[in-house]
Structure formats: structure tokens, C-alpha cells
Novice: 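Sharing a structure, written as C-alpha cells. Questions coming.
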Number of protein chains: 2
Amino acid sequence: MKAAPLHERIRREIEARILSGTWAPGARVPGEIELMAQYGCARMTVNKALSALAHAGLVDRRRRAGTFVARPRSQSMVLEITDLAREVVARGQSYGWQMQTRRETQSELPEMPGPVLEVDGVHLADGTPLAFEHRLISTAQVPEVLTADLAATAPGTWLLGHVPWTEAENRISASAASPALARVLGIAAGDPCLTVTRRTWRGGAPVTLVHQHFIASRHELVARFGAA
Amino acid sequence: MKAAPLHERIRREIEARILSGTWAPGARVPGEIELMAQYGCARMTVNKALSALAHAGLVDRRRRAGTFVARPRSQSMVLEITDLAREVVARGQSYGWQMQTRRETQSELPEMPGPVLEVDGVHLADGTPLAFEHRLISTAQVPEVLTADLAATAPGTWLLGHVPWTEAENRISASAASPALARVLGIAAGDPCLTVTRRTWRGGAPVTLVHQHFIASRHELVARFGAA
DNA sequence: ATGGCGAATATGTATAGACAATTAAAGAGG
DNA sequence: CCTCTTTAATTGTCTATACATATTCGCCAT
């Protein structure tokens, strides 16, 4: 067995009763004093357990009123957007990156104004195209990127190892491949593509804006949440 | 101003220094004793701040070694999969649900065996089709669903208000509409669709399995993370 | 009934101290 | 130079206590 800390044990036992439905949404959870007596420990210990549950959104806590099982609201899930290179390798395929264009320019886009490095390229899995990527990187925010060898390392991979982000936004959509996109990916025009548009900021300032167009038949995004 | 608790203030100040790049990934964060002296508070207080940062993945803590700024790994984002009805209404459109078939049956699917309620239907936004949904709900896990009026309330909405989940998985992909799907959605066969397949479990037992096919031009998924 | 007001109560925050667990680093021995 | 052992630094957990803060409840006056 494992010697789980007490606050962890308390947390898990309460969690189990909530998830099993023993304590229905809206039901009252025993107060800190009560649990403290029940487990024979200090209030700080049960407080830590209950605070963790509140942070996870499993319970609502209100002063004077008490602690209650939260009613499920939205399925907020963790979507792990890992590095594409890592993801491909994890699937047992070989990863490749083919940079096509790279130029420094001045962006006029309202969502990312100023000097940018613009990079286009194709991600390959086992030598065949997987996705086309068009990316802008703010050189004002990330001047070091100008010295990076983005022909050897995909920009996403490079950024992941060098720049932390504070805010990010992903938009996921589907579209039919344009003739130009189809040519680059080696598919037929009109074939469905999964498009991911990702913007990241650091402290309010835009860092990068990327469009990735995946060949629909070769890629899907998987988001998981919960116990392993 | 706000009267932020001390541990919150400490957390935010450290967080700011990490995100601004003042403290680079791998750099050492002052130890608890040092911060304790710096802020003139008890160790539990700085511990709470640092623990929160560790929980959020911003720092790594190792006994004897110290606390270090974590190097960014994967962009793990929170993808809010809200209820479709709510989402449509939030966009200022009217929401509608049109159930098409409903039958109790025995599922042979390995990922969801046993007795299930099978529901097909179309989600409407402003009266026009937005997505087709095919759903299985385990009646062993959720017997109450048999008495729910799923013609009036979309099954997703009903489930969200009645059943908590412990584990869930989303798969997001793109595909071309089959003739049958195109007919139901009122689009042309071959038009791109965004497909979301969601499975949820409660304590290891499957609760529901749903396929949602969105008309690509009318819907995209948005995932956000970070400060408002 | 109704609306305001005070008091009881549950949570939130913080302190000071103690011991346990982990493990990097220094030192001892070969 | 390498390996094993010891040491010590640092985080992890827990206690017992105290006061702060928000909010519900009931009392009281209207």
C-alpha cells in the first residue's frame, strides 16, 4: 500500500462519496469541526482536503452556510495540446518537418501587429504529410527566434522549449481543403481538414499565432480528463 | 483596491516573475525559509503559495533540492465543453432540439456494453440545423433517464444536470458528410463536418457515448486558458 | 407580513512549532 | 577515481490556537 497523507485520504473519501452518488448534488458535506472529530485530526488538515475539493469544483463552500456538493455544471476538460513532434513519435511514427518559407515582415493583422517572423511548413509523419502550418511569431516578444534554425526544428517545438505563455486560445474547426492547401498536403481539393488556430500571449502581449491544417483522415485531437 | 490574502499575494508575485521571464525556466525560486523572512510571515503561508504554484505546474518542488521554475511542457488547456444549448443561447441565437429516434436496446459495442437508451436527434440554432447527434446512455448506470422527456430536453442537457462524471474523453476530428448525414443536416454530401465523440464514465462504468457532427461552417470549438 | 439588526456559525487566513521524508552534497574508504 | 555512507538542507505534513470575515437565522420593531 501507499502511505497517503491524511488530508489526501480525507479528500479521496469525500470525493468517492460524491462521485458514487452517495452524496447527491446539493447535499450538505460535514463541516470542518465534524470531520475533525471524525478523523481525530486538526482543522487545518480537513480544511486542506475541503479546499482542494472546492478548488476542483466538486464542492461549494460558503461561510456560515457550510460545504455542499456542487451540481455539475460544464464539462470543462483538459485538452493536452502536446508538441506535434512528440505526439507523432508517441504514436510510433517518425516525425519530420519541412520548412517552406521563412521571412521577417511587418504584420498588419489587428490580432498580432508589429514585426513578425512568418514561417510556413509541413509536418510529416513517416515521411508523408500530416499537416500544413502557417505561423507568425512576434519578434518583439521573442527576439531570440530570429537566431533559431527553424528549418531543423519546427517552430512549435522550439517555442515550447523557450517561451512560457500566460494566456492561450485554441479554435478548432473543420473545412474543405483549398486547391493550394490540397497541393501542399498531397490530397484532393475539397477533402476535409481539421484546422487548429492557436494564439498565445505572454502577459497580454501576443507571442504567436498559428494555423495548422491537418489531413482529417490522419489526425484527431484527443482530450482526456479523470483518473488514469 | 482588493484586500488579497497574503498567500495569494505571494503566489501572484512569484507567478508574475515567472511569466514575465524574470525568472527563467530552471531557475531557482527562493526557498520557504527565505520567503518567510522576506514577507515576515509563517512558513505555512509561503508553503500555501508555493504549493498552489506547484499544483498549477508553474514550479517543480523537490525535497532537499528546492523549488524551481518549471520548463514549459505541453500546452495543456482547459477546453470548456459547455452544454450546447447554453452555448447557442450565449451566442444570441435561439436553441432547438429535434429528437428523431429513441429506443431501448442492448448494445454490443465493446466500449459500452449492456442495456442502453439510444437517441438520435438534431440540434438547431435559430431554427436551422447545427449538428446531428447520436447518443447511447447506459440505463444500468442511469436508470432515471428512461423517465426523462428527451424530446423536450436534449439528452446532453439532461445528463449535465443529473449525472456527475469522473472520467471523460473527447475525440475531435473532421470528416466529409455522408449522404445520410447530409440529408439530415440539409447540406451537400461531402461537405466538411466537425465531429466530436465524447465518452464519459462514472467510477469506471460507462455512462454515455455520443457522436456529434457539426456543420463545419457553423461551429467551432474554442478553448481558452489564462487570465480573463 | 416586512424590513432591519444583531448574533451565532462555518469558513478563511495566519502563526509558531514540531517531526517526517527525501535527496543533494560532502566526506570516508577502497 | 569510484563507491558507499553520512550529513544536512529543503520540502511535506500535522497540531493547536487565534482572530477575521461573511452570511444565515431569528428576533424585534414597524
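In what follows, chains are A, B, ... by sequence order, proteins preceding strands, each numbered from 1.
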Novice: Roughly how many Å is it from CZ in B:R61 to C1' in D:dT10, rounded to a whole number?
Specialist: 9 Å
Novice: Report which part of the nucleic acid B:R28 touches: base, sugar-phosphate, or nothing (heavy-atom distance under 4.0 Å, all strands).
Specialist: sugar-phosphate
Novice: Mind checking salt bridge (Lys or Arg N to Asp or Glu O under 4.0 Å) for B:R135 and listing every partner two or more places apart, or none if nothing turns up?
Specialist: B:E133
Novice: Under the salt bridge (charged side-chain N to carboxylate O under 4.0 Å, His left out) definition, can you give me all pairs with a residue in residues 19-30 of chain B, not counting sequence neighbours?
Specialist: none
Novice: Could you write nucleotides 19-26 of chain D as a row of B, S and -, 5' to 3', where a protein heavy atom under 4.0 Å of any base atom gives B, of only sugar-phosphate atoms gives S, and otherwise -?
Specialist: --BBBBS-
Novice: Provide the full list of side chain to side chain donor-acceptor pair (under 3.5 Å) pairs with a residue in residues 141-160 of chain A, sequence neighbours left out, each pair given once.
Specialist: A:D83-A:T157
Novice: Any side-chain heavy atom of A:T208 sitting closer than 4.5 Å to one from A:S138?
Specialist: no
Novice: Who pairs with B:R43 by salt bridge (Lys or Arg N to Asp or Glu O under 4.0 Å), at least two apart in sequence or on another chain?
Specialist: B:E32
Novice: Can you pull the contact range of chain A along DNA chain C, 5' to 3', using atoms under 4.0 angstrom from its heavy atoms?
Specialist: C:dA8 to C:dA14
Novice: I need the NZ-P distance between A:K48 and D:dG12, as an integer number of Å.
Specialist: 8 Å
Novice: Can you tell me how far P of D:dA18 sits from CE of A:M36, to the nearest Å?
Specialist: 12 Å
Novice: Report the residues that fulfil side-chain contact (heavy atoms from CB on, under 4.5 Å) with A:R102, sequence neighbours left out, ordered by chain and then residue number.
Specialist: A:M99, A:E104, A:L117, A:V119, A:L146
Novice: Output all residues satisfying salt bridge (Lys or Arg N to Asp or Glu O under 4.0 Å) with B:E220, sequence neighbours left out; order by chain, then residue number.
Specialist: A:R171
Novice: Test: ring-ring contact (aromatic ring centres under 6.0 Å, His included). Region: residues 116-151 of chain A. Which pairs qualify, not counting sequence neighbours?
Specialist: A:Y95-A:H123, A:W97-A:H123
